Each structure stands twice: as C-alpha cells, then as structure tokens.
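Okay, structure first, notes after.
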Number of protein chains: 2
Amino acid sequence: MLTDRQLLILQVIIDDFIRYGQPVGSRTLSKKEKITFSSATIRNEMADLEELGYIEKTHISSGRVPSEKGYRYYVDHLLSPQHLTTEDMRKIRSIFAERIYELEKLVQKSAQILSDLTSYTSIVLGPAVKDNKLKRIQIIPLNKETAVAIFVTDKGHVENRVITIPASVNASDLEKMVNILNERLIGSSIMELKDKIYKEVANVLRAHIYNYDSMLKTIADMIELPREEKLFLAGRANMLSQPEFNDIQKVHSLMKIIEQEKEFYRLLRRSSKKGIQVTIGHENQLSGMENCSLITATYSIGEEQLGTIAILGPTRMEYSRVITILNQVASDLTKALTDWYQNG
Amino acid sequence: MLTDRQLLILQVIIDDFIRYGQPVGSRTLSKKEKITFSSATIRNEMADLEELGYIEKTHISSGRVPSEKGYRYYVDHLLSPQHLTTEDMRKIRSIFAERIYELEKLVQKSAQILSDLTSYTSIVLGPAVKDNKLKRIQIIPLNKETAVAIFVTDKGHVENRVITIPASVNASDLEKMVNILNERLIGSSIMELKDKIYKEVANVLRAHIYNYDSMLKTIADMIELPREEKLFLAGRANMLSQPEFNDIQKVHSLMKIIEQEKEFYRLLRRSSKKGIQVTIGHENQLSGMENCSLITATYSIGEEQLGTIAILGPTRMEYSRVITILNQVASDLTKALTDWYQNG
DNA sequence: GTTAGCACTCAAACATATTGAGTGCTAAAT
DNA sequence: ATTTAGCACTCAATATGTTTGAGTGCTAAC
C-alpha cells in the first residue's frame, strides 16, 4: 500500500508529465507548491515508487515518467475532477440545440465536436441498427432487371440495396411479395428479420406466389443487411500534433490500424459497458497502440444502448479533461435522442 | 527549344529521381545505358537545363532534382507509356467482375484498389446525384411528429431525410401530397426539383390540400437535398510511407487539408474535364500541397459524366504508372456502369 | 564539340568535448 | 528515525571539429 506522501508524489509527477511531456525530476518536483519536502526525500520516495512499478526512467539518470501501471492507478484513484469552461459547454450545447433529427448526422457532429474540444482523435460507433424495429419494406423497380429495396426502421434509419429481379417475375408478384413481407415483418427487430423470413414468411410466400422459386434469389439479395455499425472518425490529423507521435513509424502503424477499421471496431465493441471505460497502452492489445489510450462512453435512447463514443490519444493524455468532456457529450446526446424518440 | 540530348538527359534525370528519390549527379548519369557521353558533357548540359528552369540543385554542390517546370515538361512530353502487369490487371478486373449494383459501393471499391495498386492516396468524387431523374418519392410516418421522406432516383440512389410533421396535418393529407408530388415530379432531374416544387407543384397542392399552409414547413424540410457529392478516400496512411513526407509538419498540414475536405473538394471539381489531368505542386494552389501532385480522371455512364477518380502523391510520383492505372480503372468503371444502367 | 583533370563545395557521418539535469548514496542535522 | 545537504557519477543533448565522398564549374587538351 502506498503512503499518502507517495500518492501525492505520484499524482504530481503524472500531472506534470501530462502537462509538459518531459520526464519529471526531483528538483522540479521540490519546487511545486504542494511539495513541502526536499528533493533528496523525493528521490528516496521515487526510488520506492519505481520499485513498485508506478514510474519509470527513460535512462539511468533521467527524471521519471509514469508507467502504464502508474497511469492505471492515476485514472482509478487520483483523478482530480475538472470543470468544463462555459465556452466548451456552449459549443457542446450548440450541437444539440439545432433540431437535427437524423441520427447519423447527430452522431457525426458529436464526433466532430469531441475532436475539436480535446485535440485528440474521436471515434464514434454509430447507432446499432440491429435492435431497431422494421417499419416498412418497399421495393421500387428501376428497370426490367433491377429494383431498389428499402427498409425503414422505427428510428428513422433507412437501409437500401439494389437487387436483381429475375425476368420471370412480374410486377404484380413483386407487389404481392412486398405486401406479405410487410404484413408479417413490421415490428420485428432487424436482427431477427433473416430468421423470420425463412421460418415464418417463406411458407406464406410459397402458397401465394406463383413464381416463388425465381423470387428466392431476390429475397436472398435483399436481406443481406449490414451487420456492423458505421464508424465515424474525426480529427485524425490531431494525432500528428502530439509530440509522442513525431516518429513517422509510430504514426504510420497507428494510421494503418485506424484505416483498416476491423480490429479497431472490435476494440470499441468490446468496451460497450455503460459508463466511462479507459484502456491504457498495452491494455488495448493491438500492436501499434502501445502508446495510446482509449477512453469510451456509451449513448442510448432511454435504457436502450445505441453506440459508443470514444477518444483516442497518447497514453500521456489529459484523462481528467477528456473524461469530463466525454461524459458531457454522451449524456447530452442521450438526452437529446431520448427526448426525440421516446416522447415524439 | 531543347536539343534531343538535353531531352534525353532531362528524361533520365527525372526517371532516376522518381525511382530512387535522390538528387542525380553527372557521374550516375554517365553510367546509364542510354547515355554515351562523359560526365563532363553532362555537367555542361545540366548547367543549361538548370538555367532554363527544368532542374534544380538542393545545394551548391549537389546533384540535380527536377523542378516543377521539369515535371510539367516530363508529364506533357516525355512519359514512357507503361504496361500494367497481368497481376494488377487481374486485381482491377476482379472488382468489376462481381456484380455490385450499388453505385456507391462500386466507387468506394475503386478507391480502395487505386490506393492499393499505387501505394498513394486515392480520392474519388462520388457520383453526382443532380443529373439523376426522380423515380419515386415516399413518406413513411414514424410517429405523430416525424416521418422519413425518401427519394429514389433512376440510378438507384436513395436519399432520405427525417422530417417533422405539423400536428394539424393528418395521414390522408400526407398521402395526397405524396401522390401529387410523384405525379408531377417523377422524371424530373434532382437539380430542378426545388424549382419545380415551388413553381409548378405549389399551386396544385394549394388547390387540393386543406392544410397546405402547415404543410409548407414539411416540404421545405424535404427538399433540402445534398448539393455536394460524397468524397471517398482510401490509403491515407500511404502518404506516410513516402520519404518526402518524413517531416511531421508537412504531413500534418496535408492531412488537415484532406480532412477539411472543402478546399479539396473544389480542387477535384475544377478538374472534371474528360481525360487525364495532372496538376503538379504549386499548380494545386493549396498551401500544404506544394509537394504533392494530383492526377485525375473521370468516369461516366455512357456520355453522362458522373464523377472523378484521383490519385494524390508526392510531386516525385510515378506519373507513368499512375496514369496507366487511373486510365484503366476509369474506363473499366465507366464500362461497368454503362453496361448496367444503359442496357439494363 | 567533347572530355580529362583539377580545385573547390557541401552534406553526411563520425568522433570528441561540454553542459546540465538528473540520480543514488552517505553522513550530518533534526 | 526521518529528513536533508553534499558529492560523485551518469547520460542525453548540444556543440565543435574532422573526414569522406559525391558532386560541381572551369580550363586546357583532344
């Protein structure tokens, strides 16, 4: 267990390092307001803190920098809560003041403001469609061979696909099919759509539609709905202004990860527990992200969780500030969505 | 006017520099197969070429590098046409072999393959919607206050917006309105939609619908269609593997430009003439792009131009190779689109 | 007109001090 | 028993000097 003095020193070291990005030495520390004892004492305490793994040296005679364990402790126990400036508050509010009813646009704007305010990169995992309920299916023929299939959900999400229509299928068959689909499927969640079509609807279709067989392909085309939520990114360039990323190699590998999206997507999905989640450096388990921390929060409509908003920055991140901002945006976003969709 | 020998030297200098990225000296040149005269002669010729502004020194005793004027001349007159490897060809074909009917997806895949093949950043200006013809308008109520308005075009593009519905408007009014809109507007180009609604449709609506006034806002909401085409980017990270961008500052300002999209968008719009366009360094007129060249081509359906595909790379770019690839992708894309939409 | 030869230039690579911020340890002070 | 002053030591960063090699321009000979 750490003594109060050790905690104080640890906190001051990390605060200073987050602020200035330079290893912190005993002399620097001894000059801080909160520190009342001499540099020699500090050196002794630092030696202990290092032995316990909370801080590290960059070389044998350097000052100390926080280790991942140090950051972890700091985030869990030592964060000094921060206030948002009224200016920041105003900026956040301004987004939700406009009456934007498009879920996606709102989410994208949130990503933008997050990266603007924090100067880090923001990532937003878009609203999950799978829990939406089907509101309407529509098929609109474009020409003899193709048509657009449109799915509208209760949250106003529109999904559309171009499908091919076998020559043998005529307009009235198509119409009949759409009617049956709507009759049987409206109100079902998007997730169970595929299942329901094959288990419940297929028989009805077979009974009523002459060309059922040739229609099969059309149906198969249609229900290939996207399984993954969209990923919105903002402020990628901000990464480049962080001094820890003045090594092109590091930036490159990080950018490649972000660009591929796949692994990254998994990372965000994993941390979809409610509340703020912080993963530091190697906790992210993605090579290329050793020097990064990821802070995530979730947003929802009422109790129904929709997606994740996150900030990606260097491990030397302004945790306190970012957490405050993320909390604010997440709760404002949730509030706005809840108001519109639950009481609307 | 340049002599044949000067042209030869200029070409070999640029070819070599594009390949190795290092200033080219007279000794290096004299060893090239095509060069039959001594390094001293070359030095004399290079002095002349420099005076004419085609090549430059990086410092007083360095080898020469091409100037922007040199690149311009090279691109306009000295390009040695290249063949695509069968492997590259196969990769390109593979995209268009799949039957993807979604215009946007196809375009996005093209962007991906372009950046993969060239190792530069690719940018694709998505299909312009403004020339599409309206195929169908649909309004699907979500709850008492809101509904989704859906526009389908003849090219299968679907545009949707969430709109608010005044309390005084009932379902039958809404239905009537949609009918009138469809009756009057189907076949109109998206561009003229707004105009037509106010000039031609407004009167009809007023005559037939009791709640015309309160419906006005709904209509206004609806026809706010996006004016700008979508921008698809792929291979941003590729920039970082170019040796000319090992300066974080340069990369940063470039990334910021790309991220803001606005200026960039204009740049692409400007070069929407048919055929290959090359802009080199300062010709791009955007600060941050001094070290970049942009090569663009257009794609179309039949004769109707749809959008632009482009490659962004350092001025020291493999012009010949990129142009070949860009040409191939543009023509394959055009062919695929033309086949599907004109003969479909 | 072309080329060999020479003096000269400069970036890059390497080696060698110098400085300063930092450490750990010990012995004296509290 | 803590705390602190003092000292020897370490190492990154910086500056300084040296060497090397690829390059140039110019001149005189071919």
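Throughout, a chain's letter reflects where its sequence line sits, starting with A, and its residues are numbered from 1. Computed from heavy atoms alone, side chains included, the values below leave out hydrogens, waters and symmetry copies. Source: prediction; values computed, not measured.
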(message) Exactly one of H252(A), K256(A), Q249(A) should register a side chain to side chain contact (heavy atoms under 4.5 Å, CB included) with L240(B). Which one does?
(response) H252(A)
(request) Output the distance between atom CD1 (I257(A)) and atom CE (M255(A)), rounded to the nearest 0.5 Å. (result) 11.5 Å
(message) Closer than 4.0 angstrom, basic N to acidic O: yes or no for D88(A) and R321(A)?
(response) yes
(message) Strictly below 4.0 Å, N to O, side chains only: are E283(A) and R72(A) in salt-bridge contact?
(response) yes
(message) Testing the 3.5 Å rule here: is there a donor-acceptor pair between the side chains of T121(A) and R236(A)?
(response) no
(request) Assign each of E50(A) and R5(B) to its nearest nucleotide of DNA chain C by heavy atoms, then name whichever residue's nucleotide is nearer the 5' end. (result) R5(B)
(request) Check DNA chain C against residues 10-34 of chain B and give the residues with a non-hydrogen atom under 4.0 Å, in numerical order. (result) none
(request) Taking the side chain as every heavy atom from C-beta outward, state whether L8(B) and K34(B) have any atom pair closer than 4.5 Å. (result) yes
(request) Tell me yes or no: between the side chains of Q242(A) and N238(A), is some donor less than 3.5 Å from an acceptor? (result) no
Could you pull out the protein-nucleic contacts involving nucleotides 13-19 of chain C (nitrogen or oxygen on both sides, under 3.5 Å)?
none

(message) Could you tell me the boundaries of the chain A footprint on DNA chain D, defined by atoms under 4.0 Å from its heavy atoms?
(response) dT3(D) to dA12(D)
(message) Does either side chain, that of R27(A) or that of S39(A), offer a donor lying less than 3.5 Å from an acceptor on the other one?
(response) no
(request) Verify, without hydrogens or angle tests, whether N284(A) (side chain) and S293(A) (backbone) share a donor-acceptor contact under 3.5 angstrom. (result) no
(request) Would you indicate whether D76(A), at its atom CG, is surrounded by more than 12 heavy atoms from other residues, nucleotides or ligands within a distance under 6.0 Å? (result) yes
(request) Taking only heavy atoms on the protein side, list every residue of residues 40-49 of chain A lying under 4.0 Å from any atom of DNA chain C, sorted numerically. (result) R43(A), M46(A)
(message) Ring-plane angle category for Y74(A) and Y319(A), please: parallel below 30°, perpendicular beyond 60°, tilted otherwise.
(response) perpendicular
(request) Could you list by number each residue of residues 53-61 of chain A showing a heavy-atom separation from DNA chain C of less than 4.0 Å, or answer none if no residue does? (result) K57(A), S61(A)
(message) Treating R316(A) as the side-chain partner and I18(A) as the backbone partner, does any N or O pair qualify as donor plus acceptor under 3.5 Å?
(response) yes
(request) With sequence neighbours excluded, tell me which residues meet ring-ring contact (aromatic ring centres under 6.0 Å, His included) with Y73(A). (result) Y54(A), H77(A)
(request) Have a look at Y265(A) and tell me which of R269(A), E261(A), E263(A), K262(A) forms a side chain to side chain donor-acceptor pair (under 3.5 Å) with it. (result) R269(A)
